[in-house]
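The chains referred to below are lettered A, B, ... by the order of the sequence lines, with proteins before strands, and numbering in each begins at 1.
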There are 2 protein chains.
Amino acid sequence: MKTPPRLRLRLQKATFPHTTVPEGTRRRILEVGLQLFASRGFHDTSVRDLAKELELQPSALYAHFPSKDHVLAELVRIGHEALHAALRTALLSAGSHPADQVRALVRAHTHLHATYPQMAVVVNEELYALAPELAAPALALRDQSSALLLEVIARGEEQGVFAPPHSVVTAVAIAAMGLRIPYWFEPSDALDINALADLHAELALRMLGGRTTT
Amino acid sequence: MKTPPRLRLRLQKATFPHTTVPEGTRRRILEVGLQLFASRGFHDTSVRDLAKELELQPSALYAHFPSKDHVLAELVRIGHEALHAALRTALLSAGSHPADQVRALVRAHTHLHATYPQMAVVVNEELYALAPELAAPALALRDQSSALLLEVIARGEEQGVFAPPHSVVTAVAIAAMGLRIPYWFEPSDALDINALADLHAELALRMLGGRTTT
DNA sequence: GTCTATATGTTGATAGAC
DNA sequence: GTCTATCAACATATAGAC
């Protein structure tokens with residue numbers, strides 16, 4: 001926190017996907033960590049910065065986390081688990097038609113990235129700051145999550161309802177839409193989260209060449 | 001550079017878009033800066049790290065740049081200028097049909113991000129580390145670059161050859177494909193840069209609903 | 001579980017010789 | 001334009017009292 005207030009993301013109160021995060025100081029640390037890591041980055045946020053925002057002394061944090069890295073690791077874990085859970089739930093409540101399933105996955109992906117922009121940014125930009133053993137669980141979940149989309153696309157191609165120019169490149173492009181959301185989207189009357197989710201689902205289906213409705 | 005080798009981007013020799021970067025030590029500093037900032041991030045790369053890789057003493061850098069920030073600022077400037085120049089050139093050599101123009105813009109965007117992945121990463125992820133006055137020129141160029149795509153899309157809609165579900169959201173989605181390239185793409189025989197450019201252009205046109213050929 | 005105080009290393013940057 | 005030597009500020013983390 002040497003350089004003036006160029007922020008990666010607007011500095012605002014950060015919220016979690018509702019996972020099992022205990023109340024109390026530990027949770028407050030995670031919330032403040034999410035806020036600061038998202039807006040200035042992990043390496044540009046010091047333990048003193050966290051403590052100041054929490055109105056605690058720096059040493060007090062170490063009663064709750066063994067190190068600054070572990071605060072980030074916990075955030076990264078929560079974020080990946082929330083996304084994976086959301087995608088699985090979406091798939092389960094979708095119909096059996098591949099277009100419905102893509103719509104469900106993309107809508108869930110969009111919803112999460114638009115609702116928890118700080119979590120999305122920290123999970124995606126600061127994962128590399130973790131030692132391999134702290135990052136590993138998140139990376140495993142990430143692979144499982146992308147597999148969900150790839151499988152639905154493959155099934156759609158087999159059934160002849162999708163005809164993307166290249167299934168992997170198209171899957172990456174669909175995911176990319178979601179990953180960019182925190183950097184430009186601000187919910188408004190003209191374009192709220194639900195409308196954005198619909199738009200992204202529509203764009204995904206256009207890329208897949210699957211305009212089919214059930 | 002405290003934490004073990006989790007790298008954001010593979011550590012490899014970094015090259016520039018051919019802009020006017022003078023030979024000599026100043027250029028070497030920029031090349032090494034690009035390499036290290038891309039792989040570990042600006043805040044996790046110390047002046048000592050740069051000096052070590054350059055086989056110089058840390059103090060020697062200050063004969064070429066007034067501060068570490070100015071190294072990043074110069075990289076960010078070069079990157080933005082290169083992209084803007086590439087997009088303008090692409091537009092000029094494209095035909096007058098909006099579909100041709102989108103194809104040209106997307107192909108150029110893809111080419112640059114695939115050819116200079118480190119530059120793309122640094123420009124997009126580390127811009128926020130700069131003080132406003134150092135970041136301003138780049139931000140201005142960025143606005144001009146996105147305007148190019150938005151204008152072509154608007155013209156296509158007026159002519160009735162494009163019918164995207166939402167022009168701004170679609171433009172952002174098209175740009176997002178390009179921004180993700182450095183994080184997954186590795187040129188291969190099965191998928192080289194040209195093929196990727198073609199695929200991205202095709203996906204962009206599908207999103208725009210403009211399959212027209214000239 | 002929070003505090004005060006501090007250990008220990010690293011940071012960006014400068015002074016001044018050659 | 002590079003070196004040696006160094007500064008002041010900052011980093012993460014710990015020790016021990018309450």
Side-chain angles (χ1 to χ4, degrees), chain A residues 1-6 21-34 36-37 39-76 122 126 128-131 133-135, chain B residues 1-6 21-37 39-76 122 126 128-135:
Chain A
M1 153 93 180
K2 280 281 277 308
T3 10
R6 270 232 103 241
V21 182
E23 298 294 328
T25 306
R26 184 182 163 90
R27 187 194 180 105
R28 286 187 58 233
I29 293 172
L30 289 172
E31 283 169 350
V32 169
L34 185 55
L36 297 188
F37 295 165
S39 59
R40 299 200 315 248
F42 177 74
H43 289 299
D44 200 29
T45 302
S46 70
V47 174
R48 281 170 168 80
D49 292 332
L50 293 172
K52 187 174 186 180
E53 187 75 25
L54 288 159
E55 297 181 285
L56 285 175
Q57 292 305 310
S59 57
L61 303 198
Y62 293 89
H64 303 275
F65 291 92
S67 80
K68 185 186 148 190
D69 298 77
H70 285 78
V71 178
L72 174 58
E74 176 73 349
L75 288 171
V76 164
V122 167
E126 307 292 359
Y128 78 92
L130 290 175
E133 61 272 19
L134 285 177
Chain B
M1 162 63 195
K2 280 279 276 305
T3 8
R6 269 233 104 241
V21 181
E23 299 294 329
T25 305
R26 185 182 164 89
R27 185 192 183 107
R28 287 187 58 230
I29 293 172
L30 289 172
E31 284 169 348
V32 168
L34 184 55
Q35 183 184 83
L36 296 188
F37 295 165
S39 59
R40 300 201 313 249
F42 176 74
H43 290 299
D44 199 30
T45 302
S46 70
V47 174
R48 283 168 171 79
D49 292 332
L50 293 172
K52 187 175 186 179
E53 186 75 25
L54 287 159
E55 295 180 288
L56 284 175
Q57 292 305 310
S59 56
L61 303 197
Y62 292 89
H64 303 276
F65 292 91
S67 80
K68 184 187 151 190
D69 297 77
H70 284 79
V71 177
L72 175 59
E74 176 72 350
L75 287 171
V76 165
V122 167
E126 306 294 359
Y128 78 93
L130 290 174
E133 60 273 21
L134 285 177

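Straight-line distance from the CG atom of B:D69 to the P atom of C:dG12: 9 Å, rounded to whole Å. Atom pair B:H70:NE2 and C:dG12:P shows a separation of 15 Å (rounding to whole Å applied). A straight line from CG of B:L50 to P of C:dT10 spans 17 Å, rounded to a whole angstrom. Rounded to a whole Å, the NZ atom of B:K68 is 12 Å from the C1' atom of C:dT10. One interatomic measurement links the two molecules: NE2 of B:H43 to C1' of C:dT10, which rounds to 16 Å at whole-angstrom precision. Across the protein-nucleic acid pair, A:D44 atom CG and D:dC10 atom C1' stand 12 Å apart, rounded to whole Å. Atom CZ in B:F42 sits roughly 8 Å away from atom P in C:dG12 (whole-Å rounding).
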Can you give me every donor-acceptor pair (side chain of residues 50-67 of chain B, partner residue at least two apart or in another chain, under 3.5 Å) with its distance?
{"residue": "B:S67", "atom": "OG", "partner": "B:D69", "partner atom": "N", "Å": "3.2"}
{"residue": "B:S67", "atom": "OG", "partner": "B:H70", "partner atom": "N", "Å": "3.3"}
{"residue": "B:S67", "atom": "OG", "partner": "B:H70", "partner atom": "ND1", "Å": "2.8"}

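Residues meeting the side-chain contact (heavy atoms from CB on, under 4.5 Å) test with B:A73, sequence neighbours left out: B:L130, B:L134. By the side-chain hydrogen bond (donor to acceptor under 3.5 Å, both in side chains) test, A:R27 pairs with A:E31, sequence neighbours left out. For B:E126, the side-chain hydrogen bond (donor to acceptor under 3.5 Å, both in side chains) criterion is met by B:R8, not counting sequence neighbours.
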key: Where protein sits on nucleotides 2-7 of chain C, one letter per nucleotide: B base, S sugar-phosphate only, - none, heavy atoms under 4.0 Å   = BBB---
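Nearest approach of A:R6 to B:P132, heavy atoms of both residues: CG-N, 3.7 Å. Of all non-hydrogen atoms in B:V21 and B:L30, the two that sit nearest each other are CG1-CD1, 3.9 Å. When all heavy atoms of B:A129 and B:F42 are compared, the pair lying nearest together is CB-CD2, 3.8 Å.
An OP1 or OP2 oxygen of C:dT10 is reached within less than 4.0 angstrom by no side-chain nitrogen or oxygen of B:S46.
In this structure, A:K68 contributes its side chain and A:H43 its backbone to no donor-acceptor pair below 3.5 Å.
Annotation: proximity of residues 29-36 of chain B to DNA chain D (heavy atom, distance under 4.0 Å) is found for no residue.
Screening A:L36, A:V32, A:L72 against A:T45 for a side chain to side chain contact (heavy atoms under 4.5 Å, CB included) leaves a single residue, A:L36.
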